[in-house]
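The structure appears right after this line, and notes come after that.
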Amino acid sequence: MRVKGVGYGCETAGRSGKFALAMRSVSGAAEGKWALVIHGGVGEIVRGSLTPAEDTAHRAGLSRAVDASSTVLASGGTALDAVEQAVRVLEDDPAFNAGRGAVFSHKGRNELDAAIMDGTTLKAGAVAGVTRTKNPVTLARAVMERSSHVMLSGAGADEFSLENDVEQTDPDWFHNEARWQELQEALRSGAFDGRRHMGTVGAVARDRAGHVAAATSTGGITNKRWGRVGDSPIIGAGTYADDRGCAVSATGSGEFFIRVGAAHEICARVRLIGADIQTAADGVVKADIATLGGTGGVIVIGRSGIGGWSFTTPGMYRARAAEGHVREIAVYGDELATARAEP
Ligand code: ASP
């Protein structure tokens, strides 16, 4: 079911089989008002699968990130600054699979991927497999602003980070015991399943000037090998922003998002055929990626301030805020599935 043109407090929601879809129109974010959506990953997140402490920790992390990002936008900051800020907060939070809470690779290392894109200039920066940068999203921004490249990887990206005075940290900073145990379990079972451990973080924002931006950061997939890189730092796959269309950050089984060119595909549908963001996001996530066997979700925000999400997993850590409205946080698929009264 879809509800149109009814303001920020109204939900557009649909269901497909056992999977929940939730996407809403933030039509309260008219010209001149800011809006943002963030995510902390998707997965087999159903009621009862998280301890109360885990549930609380994830909501608190989302809350801190959406508030920090809202502060940037409310003080007239840019969408680019807002998405970087949101992702930095989530990278510092061990509850999420990015920065400090990143999963471990086969070699027992945290190899971090991140990307950021400015929808106004179409400038973008990305890093893959970095190991010593405290906030990989800020390194991605440095690549965008201080190099003539878009993407750096591995030792070279670490070297660029050091040379550009991006904050460094001992790799131990990223060590998280629960993630380490997940790796031990994966090594025992030989598992390399991109659907099991998700928790990538991302943000999309639209500022008062009407510009959009997107950022994504992740540790990737537990037990990843051979320098595997997922969709998150691939511009056009896990991250994309274009003022003429929308801004997108994805999370899920990265190989499928890469093959579909998911984030760019959503933007292209909005820009070229005038699809509304709900239809564009659903078409890519629920049809194209699902048909190939992939799972996951996206958050999207359009130039007009319409923002929301689409996902095929039972849950998605997510939050949204818009100028003049109370921010909302959700974890399970059935949350925010009905209209909510205006604050
Ligand atoms: N998309 C990420 C990757 O494939 C994983 C995730 O979103 O959890 O690296």
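The shown structure was predicted, so the numbers you read here are calculated from the model rather than taken from an experiment. In each ligand, atom 1 is the first atom listed, and ligand 1 is the first ligand listed.
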Proximity of S232 to ligand 1 by residue part, where a heavy atom lies under 4.0 Å: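 Only the side chain of S232 comes within reach of ligand 1.
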
Within 45° cone and under 6.0 Å: R100 NZ/CZ vs W173 ring: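 The answer is yes, since R100 meets both limits relative to W173.
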
For ligand 1, is there an atom lying under 4.0 Å from some heavy atom of G199?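 So G199 counts as touching ligand 1.
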
So, 4.0 Å and heavy atoms of R228: is ligand 1 close enough to count as a contact?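 Yes, that is the case, since the closest heavy atom of the residue is under 4.0 Å from the ligand.
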
Just wondering, do R327 and S70 contact through their side chains at under 4.5 Å, heavy atoms?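 No - every pair of side-chain heavy atoms lies 4.5 Å or more apart.
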
Test: D242 and R303 ion pair at under 4.0 Å: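 Salt bridge flag = no for R303 with D242.
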
Checking side-chain contact (heavy atoms from CB on, under 4.5 Å) between V260 and each of I289, D231, V285, which is the one that passes?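 Exactly one candidate clears the test, I289.
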
Please indicate whether any nitrogen or oxygen in [X] is less than 3.5 Å from any nitrogen or oxygen in ligand 1.
{"X": "G230", "answer": "no"}
{"X": "G254", "answer": "yes"}
{"X": "T251", "answer": "yes"}
{"X": "N97", "answer": "no"}

Check each atom of ligand 1 against the heavy atoms of D231 and keep those under 4.0 Å away; list them by number with element.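 Those of ligand 1 that fall under 4.0 Å from D231 are 1 (N), 2 (C), 3 (C), 4 (O).
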
Should L80 and V137 be counted in the same cluster of Ile, Leu, Val, Met, Phe, Trp and Tyr side chains packed under 4.5 Å apart?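 Yes; V137 is reachable from L80 via cluster members.
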
Is R208 reaching over with its side chain to a backbone N or O of A74, donor-acceptor style, under 3.5 angstrom?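 Yes, the answer is positive, given that a donor and an acceptor are paired below the 3.5 Å cut-off.
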
